[in-house]
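In what follows, a single structure is set out as structure tokens and then discussed.
Since this is a predicted model, take the numbers as computed values, not measurements.
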Amino acid sequence: MRKSKKLLALLLAAVMTASVAGVMGVSAAEADEEAGASENSVTLAANEDVDFVGASEEADAIAADDEEHNVAAEPEEEVIAATEEATEPAVPKPGNITNLQKTSYETNSMTLTWNKVPNATGYNVYYYNADGEDGGWHKAGVTKNPTYTLKNLRNTTSYHFQISAYITYNGKNYEGNRTLKKTATQPGKVGTLLRVRSSEVIQLKWNRNTKATGYKIYRSSPESGNKEVLYKTIVGNKNTTFTDKNIKLGNIYVYNVKAYREVNTSTYGSPANRLKCLSGLGAPAFKISCSRSKVDLVWNYNKYATRYDIYCYDRIDSLKGTKLGSTTSNRFTSPRLTPGKHLYFRVYPLYVTKTHSITGTAVNRELTVNSNIYGKSTGSTYIEISIEKQHMWFYKSGKLMVETDVVTGNADGYHNTPKGFYSIYQRARNTTLSGPGYSSFVEYWMAFCGGCGIHDSSWRSRYGGSIYKGDGSHGCVNTPVSKVKTIYNNTGIGTPVIVY
């Protein structure tokens with residue numbers, strides 16, 4: 001560097017000398033001679049690095065001035081800058097995702113896990129519905145941890161996933177390579193598994209899963225030591241029934257029905273829909289009739305049933321109905337139903353123990369509810385009396401206002417309460433009823449047939465049951481005073497009274 005500055009100074013001195021010579025009018029020969037001397041001087045200075053008095057000092061001063069003004073320093077700074085840029089560290093590229101796995105077995109969600117990538121800031125998660133239902137690739141989200149759960153997925157559906165690591169550098173994210181995972185959600189649970197038959201054969205039925213490859217039927221039974229075994233595989237999703245003929249009457253069979261789907265080389269199964277059946281607990285045939293807006297049902301006993309549940313439905317194919325009641329008998333009378341409404345009825349036999357409650361199958365019977373009895377319509381306001389049940393109901397405008405036990409006529413053939421369709425023809429308050437061998441004061445009196453009527457009976461402390469057999473009335477309907485008061489205050493002459 002020192003020699004370069006001196007050489008530059010000598011060159012400048014030579015130029016200045018030549019200029020002065022020109023100004024003073026020297027001859028061409030002289031100029032050439034002077035130039036030659038200057039050239040020799042420059043060469044000598046370059047080779048021997050000697051100092052010249054005057055010219056060399058001036059050159060040094062000029063060189064120093066140029067250095068102060070960065071004339072000679074610029075090339076050196078450019079080299080330094082280039083060196084600094086070359087040594088600046090490159091942006092690191094994230095590593096690849098490894099050991100990408102599905103770690104959950106849900107129908108509408110999926111959890112993926114993978115190995116942690118060193119120095120990764122986070123991970124991008126992408127998904128694609130391979131069944132072609134949601135378009136192309138979508139970004140599911142970002143996570144800081146090597147695990148991610150996707151929700152609201154479709155069941156029984158093939159999905160592709162891509163996971164990539166990224167690094168944030170100077171405010172910008174740099175994404176690495178994406179790793180692909182092909183998998184699927186579990187099939188949805190088999191819907192509406194029903195017993196169709198439960199007699200000498202057991203038949204099951206369920207809703208179709210259009211994406212399923214097929215269905216697997218598992219069975220536990222006394223024949224297998226009550227151990228569950230794969231009993232039948234149905235290939236194809238259109239067949240949604242199964243009939244089991246290899247059964248013994250009175251035995252309990254438990255079925256688990258699962259849908260499955262095969263994707264690539266993997267098989268995905270649904271949660272089991274479980275159904276317990278008792279062979280022989282088939283649908284009882286029954287007769288049905290209607291009067292006074294109530295439905296009477298009578299059926300044959302099923303020897304495997306411990307009770308019966310009675311339901312009514314608005315539609316023949318409906319699975320959601322109204323339970324009317326239960327009984328251990330083989331007959332049932334429904335509560336009052338809406339007149340004019342067309343309904344479907346089923347009687348389900350049940351086998352009930354401390355450890356089991358198994359429902360059998362049922363058939364439909366239908367009818368239109370009517371309020372007729374004895375060939376007449378009761379209307380919406382009437383009094384109804386059952387001698388067999390020793391019970392009375394009072395309906396006003398279709399609403400049940402009073403329900404109570406009563407005591408009717410003594411069942412001796414002479415004082416029976418007459419059965420039939422009547423109406424109130426006489427009413428009285430605080431009157432005395434008298435006849436052969438009796439005289440009784442009552443607060444409320446409503447006559448409906450001859451000398452028979454409805455009234456209070458303060459001399460009785462109990463009602464209902466079998467009291468009327470041996471300790472009944474003379475034909476009237478003995479009623480608790482609080483109940484008869486309500487009936488009296490809400491009826492009038494002409495209110496129908498039905499006795500059966």
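More than 12 heavy atoms of other residues, nucleotides or ligands lie within 6.0 Å of NZ in Lys211, so this atom counts as buried by the packing criterion. The local environment of OH in Tyr395 is crowded, with over 12 non-hydrogen atoms from other residues, nucleotides or ligands closer than 6.0 Å. By the 6.0 Å contact criterion, CD on Glu133 is enclosed, its count of non-hydrogen atoms from other residues, nucleotides or ligands being greater than 12. Around atom NZ of Lys323, more than 12 heavy atoms belonging to other residues, nucleotides or ligands sit under 6.0 Å away. The local environment of CG in Asn372 is crowded, with over 12 non-hydrogen atoms from other residues, nucleotides or ligands closer than 6.0 Å.
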Between Phe286 and Val363, does the side-chain contact (heavy atoms from CB on, under 4.5 Å) criterion hold? Intermediate values first, please. CA-CA 9 Å; Phe286 63 94; Val363 294; 4.1 Å; yes
Between Val497 and Ile385, does the side-chain contact (heavy atoms from CB on, under 4.5 Å) criterion hold? Intermediate values first, please. CA-CA 8 Å; Val497 178; Ile385 302 165; 4.0 Å; yes
Kindly indicate, with the supporting measurements, whether the criterion side-chain contact (heavy atoms from CB on, under 4.5 Å) is fulfilled by Arg208 and Tyr215. CA-CA 10 Å; Arg208 180 187 178 193; Tyr215 308 96; 3.8 Å; yes
Applying ring-ring contact (aromatic ring centres under 6.0 Å, His included) to Tyr444 and Tyr488, what does each step give before you reach the verdict? CA-CA 7 Å; Tyr444 301 93; Tyr488 187 92; 5.4 Å; yes
Thr241 vs Asn239, side-chain contact (heavy atoms from CB on, under 4.5 Å): CA-CA, chis, key distance, verdict: CA-CA 6 Å; Thr241 63; Asn239 183 7; 3.3 Å; yes
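When atom types are taken as modelled, the side chain of Thr111 and the backbone of Thr103 share no donor-acceptor pair closer than 3.5 angstrom. No donor-acceptor distance shorter than 3.5 angstrom exists from the side chain of Ser457 to the backbone of Trp459, with no hydrogens or angles considered. Not one N or O on the side chain of Glu200 forms a donor-acceptor pair closer than 3.5 Å with the backbone of Leu249. Judged by distance alone, the side chain of Ser386 and the main-chain N or O of His391 form no donor-acceptor pair under 3.5 Å. A donor-acceptor pair is defined here as one N or O able to donate and one able to accept, closer than 3.5 Å; no such pair exists between the side chain of Asn177 and the backbone of Asn96. For the pair Ser473 (side chain) and Cys476 (backbone), a donor-acceptor distance under 3.5 Å is present.
A donor atom on one side chain and an acceptor atom on the other are found under 3.5 Å apart for Gln101 and Asn99. In this model, no donor atom of one side chain and acceptor atom of the other lie less than 3.5 Å apart for Asn364 and Tyr313. In summary, the side chains of Tyr260 and Thr233 do not present any donor paired with an acceptor at a separation below 3.5 Å, with no hydrogens or angles considered. Residues Glu223 and Ser221 have side chains that bring a donor and an acceptor to within less than 3.5 angstrom of each other. Under the 3.5 Å distance criterion, with hydrogens and angles disregarded, a donor-acceptor pair is assigned to the side chains of Asn173 and Thr168. Under 3.5 Å, the side chains of Ser377 and Ser371 contain a donor-acceptor pair of N or O atoms. Side chains of Thr192 and Asn207: a donor-acceptor N/O pair is present below 3.5 angstrom, by distance only. Side-chain contact check for Glu175 and Ser164: at least one donor-acceptor pair (N or O, by modelled atom type) lies under 3.5 Å. Residues Glu384 and Tyr500 bring a donor and an acceptor atom of their side chains to less than 3.5 Å of each other.
Classified by interplanar angle (parallel below 30°, tilted 30° to 60°, perpendicular above 60°), the ring pair His474/His415 is perpendicular. In this structure, Tyr308 and Tyr301 have tilted ring planes: the angle between them lies in the 30° to 60° band.
Residues Val347 and Phe332 fail the side-chain proximity criterion, which asks for heavy atoms closer than 4.5 Å. Side chains of Leu367 and Arg365 form no contact here, defined as non-hydrogen atoms less than 4.5 Å apart. By the 4.5 Å heavy-atom criterion applied to side chains, Asn108 and Asn155 are not counted as neighbours. Side-chain contact check for Gln390 versus Ile467: every heavy-atom pair is 4.5 Å or farther apart. Looking at heavy atoms from C-beta onward, Lys182 lies in side-chain contact with Leu180 at the 4.5 angstrom threshold. Contact of the Leu194 side chain with the Leu319 side chain is registered, since non-hydrogen atoms from C-beta on lie closer than 4.5 Å. For the pair Leu112 and Lys102, the minimum side-chain heavy-atom distance is below 4.5 Å. Contact annotation: the side chain of Leu281 approaches that of Pro349 to within less than 4.5 Å [non-hydrogen atoms, C-beta and beyond].
Of the charged side-chain nitrogens involved, at least one lies within less than 4.0 Å of a carboxylate oxygen, so that Lys341 and Asp314 count as a salt-bridged pair. With salt bridges taken as basic N to acidic carboxylate O contacts below 4.0 Å, none links Glu403 and Arg336. Remark: Arg261 engages Asp131 in a salt bridge, criterion side-chain N to carboxylate O under 4.0 Å. A salt bridge links Arg307 to Asp309: one of the charged nitrogens lies within less than 4.0 Å of a carboxylate oxygen.
Of the options Lys139, Lys181, Arg178, a side chain to side chain donor-acceptor pair (under 3.5 Å) to Gln162 is made by Arg178 and by none of the others. Across Tyr148, Phe161, Trp114, a single residue satisfies ring pair (Phe, Tyr, Trp, His ring centres under 6.0 Å) together with Tyr123, and that is Trp114. Applying the side chain to side chain donor-acceptor pair (under 3.5 Å) test between Tyr268 and each of Thr183, Thr157, Thr107, Thr185 identifies Thr183 as the sole match. The only option from Thr322, Val295, Leu324 that meets the side-chain contact (heavy atoms from CB on, under 4.5 Å) definition with Ile310 turns out to be Leu324. A side-chain contact (heavy atoms from CB on, under 4.5 Å) with Thr479 holds for exactly one of His455, Met392, Met446, Lys485; it is Met392.
Ring centroids of Tyr422 and Phe448 are separated by less than 6.0 Å, placing the two rings close together.
When all heavy atoms are compared, the tightest approach of Asp405 to Tyr463 is O-CB, 3.7 Å. Scanning all heavy atoms of the two residues, the minimum distance from Arg427 to Ile424 falls at CG-CG2, 3.9 Å. Considering every non-hydrogen atom in both Arg195 and Lys276, the closest pair reads NH2-O, 2.8 Å. Contact record, Thr156 with Ala212: CG2-N, 4.1 Å, taken as the closest heavy-atom pair. The shortest non-hydrogen separation linking Cys312 to Leu343 is SG-CD1, 4.4 Å. Heavy atoms only, all atoms of each residue included: Asn129 and Asp134 are closest at ND2-OD2, 3.0 Å.
Atom CD1 in Ile373 sits 6.0 Å away from atom CD1 in Ile498 (nearest 0.5 Å).
With a 6.0 Å cutoff to the six-membered ring centre and a 45° limit on the axis angle, Arg292 does not count as a cation-pi contact of Tyr382.
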